[in-house]
Each structure stands twice: as structure tokens, then as C-alpha cells.
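Computed from a predicted structure; not experimentally measured. Reminder, nothing fancy here: chain letters follow the sequence lines and each chain counts from 1.
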Amino acid sequence: MRLDLHEYAGTSFSEYVRQCRPEVLPQFGASASFPESVRYLERAVPTGTTILALKYEGGVVMGGDRRATEGSQIASNRIEKVYAADAHSAIAIAGTAGPCIELAKLFRTELEHYEKLEGAELSYEGKANKLAQMVREQFPMVFQGLMVVPIFAGYDLRLGQGRICQYDITGGRYEEIDFCAVGSGGKDAQNTMKEHYRRSLAETEAINLVLSALFSAAEEDSGTGGPDPIRGIYPTMKLVREEGIVDIGEERLAAMCLELLEAKKRRHRAV
Amino acid sequence: MMPPYYVAPEQLMQDKAEYAKKGIAKGRSIIAMEYVGGVLLIADNPAASLCKISEIYDRIAFCGAGKYSEFESLRKAGIRHADLKGYMYSREDVSGRSLARAYSETLGGIFSQEMKPLEVEILVVEVGTASKANEIYRITFDGGIIDERGVAAVGGPSDAILRFFSEREWAQDAPLDTAIALCCDAFTRANAQDVTVDALEIAVLERDQTGRSFRRITNAARNGMDK
């Protein structure tokens, strides 16, 4: 295969693919939509919900449950909703699973592509704005009942702190000061965090708070999966820190989940 | 009407080759050398911000010698090629060999079809895994592709550098600082003037790294290494 040296002059991977290899990108929202097809799609494609992010002393904790639903059916028990985007940022996704996972993958490639071409990482602001653009480009598919609503968390190297951004389906970008949660169980998760949050939480406290928030979302919302000790399925979580993105190991999360469940049991008996 | 001048194809190719070689020899050199932890990439390049060594993908790096604008557009096309392939298929399907072949076809095509050949010589390096050897490909201005072992050099007085290595015993499993010192000596000999570590652009592809294995060694890190 001969390389075309001058086919594209910019630094954006998604733009390059759209201009030069459009067949590679998904074409959601390209055709007219009808109310009945929208209703059908909503029931027929997996949807993931309840993701959240919370600041702590070392940066940001980002987590999500593992459930995807198709209408009232459970589509998957092990879906992954939190992805590392580059060395200093991560993205969590809620909405229609297919386009969501595609967006996370494209965004990751986008950041890496820029970094390699330019020899420097994008700034936190740059990454957050780029993601807003990419969400905005997905807007037409909302009319077919397909949604993509991400949360973006990154470590701002210039300011020396973790930061969180929330997006709406139109690509509107909102900076969050302390924490945020999105998805059908987002409200319950948000309430739990509001109750127990304080600034500069230590790492373990922050992880525990995220777990309890996901627990209460799972208790109230059928779209959110709770911990499943029988099959060993627990929420997934990542830490966004100055040194990089750290995956919280499954074993550590399992142990912390079981501990929380025990504490809940004790409290329940005492009532 | 004047008939067009006839130039024998041999003559035409020879002229183009001479032109390209002259351009490449004017610059400075780059060495790729295997060491115990992977592959060392080291360029005689005092400009701190204009890089000749670059990351292409998880285990693949690029070195370009010759005319900056020309190897820069080759580098960018390589990154686009690799990222697109990784996005369409999977990250493990992006290979140094396929990229080296693409470069070879590109350079070969330009050399035979266009008036002006590219005045570049490039290296495509892929670091191996526990069970797979390192791969170093040297691609010449006319699309020639050479599979190198142990050490490779392009640009500037690269012949003198290779002579330096062939004249002595050296280990392909040397530690990093020994390998850097050896390359430094090779530059000093080939340029016939002192080359210090500060004036070099250094990067490594690390064998044991999962994911992106390319790492630049900055001046600060080098000072730590001397002690």
C-alpha cells in the first residue's frame, strides 16, 4: 500500500477519517427517523447508565456500574463504562452502548494521534473541548433515540488539580466543582454523594463513597446493576492522578464492596 | 519543432540517486541500536524541539534523516496509517513490517515517477516481546528496504558510524548507559569532533512495557544517569 503524503494536513484523527475514509466511521443519525422506529430502537439496543466522578485529594475517582439494559430486559452484566483516554484523563459513558463505546475509542485515538503528531499532550481544556465537539457531532442520532452522554475527568497539569466535566446531548459542556453523576440512577448516586462529600477525601474514603453512591443507585433504579458476589461482578473504577490513570484492581474493589455490604447488613439488623 | 532531448534511463536514475545521496549526506546521523531493555534510538541533533525520532505506535518508532519537510510528511503519513489500522482492526495488528513496506512503496514510487526524489533515509523500528526479536528496517531514498540486525545508521556520515561499530566487539545486550556512551563515541569519531550527550536526541522503545513503549530520555534524566 502506497501512503498518500498529502491527503490530510490537520492533526485531528476523527476529522481525517471523516474526510478521507468516511466508510470507517459509524453513520448514526444519517437517515430519517420515525416515531415507531425510535420506540423500537430504544427497546432493542443495549443502554448503559449510572456513571459518576468525584474529586479527592489525589485527583478524581471515576466509576460506573456494570449493567446494560434493553427496555426492561438486562442486556449485559459485565459492560465496561469507564475508559482511560490518555495518560492524564479518562472518559465514562452513559447512553446507547454501541455509539458510546465507539465514541470512547475514537476519543482515545484522537488524543493519542494529536500527541504523536505534535509531540505534546493536549491541555485539559483542549481535551474537554474536543470531546464537546465530538458529542455535538453525534447530535443527529438523538432523533433516532440513540444517546451519548459522557463524563470527562482529567488531571490539569497546569493548575495541578483534578477536574471534571459533564456533557449534554447537544455537546454542552459543564464544569463540575466537586462531583457529578449521570444516567438513570444518577439522581440517587448524586444524592448519596451530596450527603457524605467533603473536600480532600483520602483515596479509600473516596472509593467507598463512590461505591455507596452506586449501591443506592442500584437499590432505586432498575437500570443500574448492584454488586453481584455470586458471579463476582463489581463496579469498575479508575483513579485520575498526576502520575497517570490507575485501574483499581478487581480484588481490592471486591473486598471493599463486601465490607460495605457487611456494614449495611449490621445496620439493617440494628434498626 | 525541436525533438525532445533523449536521456538514457540509466543516466536519469543515476542523476536522481546522486542528487538524493548528496542531500542526505549533508545532514547529521541517527543510530538505532539494540540494548538489553529494547532498542535505543539516538540522533545527533542539537535542536531540542525539532525531533528526528518519533513514536508511531505502541511498539513502533520512526527516525528520519535528510530534508526535514520531507521526512516530516513521511512521519505524519505513517502515524495516520498506523492509527487508522489500529482503529479499524485492533492495536496488535499494527506492525512495523507492514509500515516499512508501505514506506518502501511510497519512496520507490516517488523516486521512479517524479522529477525530484525525496532526500531522505528512514528507519522503522519495532521492539520485540519476550518471544519475538526486535525489527529494524532501513528504507533508502529509492525505496530499497534493508532488514538490519543489532545496529543501523542513517543520514550524514552513516558509513563512518557503521565502520566504527564493525571495528570493535560490542554487546547487543549492553545496559542503556553503556549503549548511549558507545553511540556518543561513534558520533564523535564519525564527525571528527567532540559530541556530548547533551547535544543528542535520545529515545528508547522498551521491551517490557505494555501499551505504548516509546519513551524520550530528557536532558534531566540523562544527568541522573551519569551519577
*Flag yes if more than 12 heavy atoms outside K26(B) fall under 6.0 Å of its NZ atom; otherwise flag no.*
no

_L107(B) portion near chain A, given a 4.5 angstrom heavy-atom threshold_ = neither

Candidate polar pairs, chain B side and chain A side, donor-acceptor under 3.5 Å:
from, atom 1, to, atom 2, distance (Å)
I56(B), O, K116(A), NZ, 2.7
R75(B), NH1, K116(A), O, 3.0
R75(B), NH2, L117(A), O, 2.8
R80(B), NH1, Y8(A), O, 2.9
D83(B), OD1, K116(A), NZ, 2.9
D83(B), OD2, H113(A), ND1, 2.6
Y87(B), O, K105(A), NZ, 3.0
Y87(B), OH, E102(A), OE2, 2.6
R91(B), NH1, E112(A), OE1, 3.4
R91(B), NH2, E112(A), OE1, 2.9
R91(B), NH2, E112(A), OE2, 3.1
E105(B), OE1, M1(A), N, 3.3
E105(B), OE2, M1(A), N, 3.0
T106(B), OG1, L3(A), N, 3.0
Q113(B), OE1, R2(A), NH1, 3.2
R212(B), NH2, E115(A), OE2, 3.1

*Smallest separation among heavy atoms of L3(A) and G78(B), with atom names*: CD1-N, 4.5 Å

